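Structure first, then comments.
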Amino acid sequence: MPSSHSVESNLSPLVPAYDSILELVPYQTGKPIEELTREYGVSDVVKLASNENPRGCSPHVTLAITEQLGQLARYPDGNGYYLKQALADFNDVSVEQITLGNGSDDLLDILARSFAGADDAIVYSQYAFIVYPMLAKIQGATGIEVPAHRFGHDLKAMSQAVQDNPNTKIVFIANPNNPTGTQLEPQELRAFMASIPSSVLVVLDEAYIEYSLRVIIGRC
Ligand SMILES: Cc1ncc(COP(=O)(O)O)c(C=O)c1O
């Protein structure tokens, strides 16, 4: 029977799939209101630093969750049949055009895993959502950070980056951007899309669209 010491020394160290995984630093989440209050002694905090609704949860959501409490021991419908139907109706698209995720981070992750590997490049802007460079590292892909223009996406430079790197598989665009709050004009986006080859997936991440003045005015 070998001693536990010799068993340990026979184990080879766990090596991640890509060296870039070792460069990952933990994601810093926005501070909870209680922590801000404690640290800075402030009150009436309106927290906009995370993708949360400062007005609280809709009573319809609370009711729907409460109604399902008796079903917690069962797996839910993994395909979200009724949710997809409702989203398709609301957005006037077909059910096949909808993929559900546990938050949009989950969808970004699925897209990166599905479309970008070690030989590929992922393009994103300086000061864009921190998860994009993280996904490039996780996939072992080359992350190409394009310098920002006035803290926002420089779409002409991003288009050039795609041309300069024919191995580009994904372009991530955050609109509005988190954390700088910049917003792109529709015509800028259209011109950008027209310049990108169809072999490149452009991910338009609108996680913060409800904060957008354009959407708010449009709905008034
Ligand atoms: C641009 C952007 N995309 C995606 C996410 C992830 O959001 P979710 O909470 O839906 O996973 C965030 C969260 O802050 C974000 O700012």
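Note that the structure is a prediction, hence the values are computed from the model and not measured. As the structure lists them, so they are numbered: ligands from 1, and atoms in each ligand from 1. Throughout, residue positions are numbered sequentially from 1 according to the sequence presented. Quick note: numbers below take in every heavy atom, side chains included, and nothing from hydrogens, waters or symmetry partners.
Between the side chains of Tyr208 and Asn177, no donor N or O sits under 3.5 Å from an acceptor N or O. A donor-acceptor pair shorter than 3.5 Å can be found between the side chains of Gln183 and Ser212. If you check the side chains of Asp89 and Gln85, you find no donor sitting under 3.5 Å from an acceptor.
Within a 6.0 Å sphere centred on NZ of Lys156, other residues, nucleotides and ligands contribute 12 heavy atoms or fewer. Within a 6.0 Å sphere centred on CG of Asn102, heavy atoms belonging to other residues, nucleotides or ligands number 12 at most.
Nearest to atom 7 (O) of ligand 1 among the protein's heavy atoms is Ser104 OG, 3.1 Å. Nearest to atom 3 (N) of ligand 1 among the protein's heavy atoms is Asp205 OD2, 2.6 Å. Here the heavy atom of the protein found nearest to atom 9 (O) of ligand 1 is Asn51 ND2, 4.0 Å. Nearest protein heavy-atom contact of atom 16 (O) of ligand 1 is Asn178 ND2, 2.6 Å. Nearest protein heavy-atom contact of atom 13 (C) of ligand 1 is Phe129 CZ, 3.7 Å.
Checked against the 6.0 Å centroid threshold, Phe172 and Tyr124 do not count as a close aromatic pair.
With a heavy-atom cut-off of 4.0 Å, Ala207 touches ligand 1 through its side chain alone.
Note: no N/O pair closer than 3.5 Å links Asn102 and ligand 1 by distance alone.
For ligand 1 and Gly103, the ligand atoms under 4.0 Å from any heavy atom of the residue are 10 (O), 11 (O).
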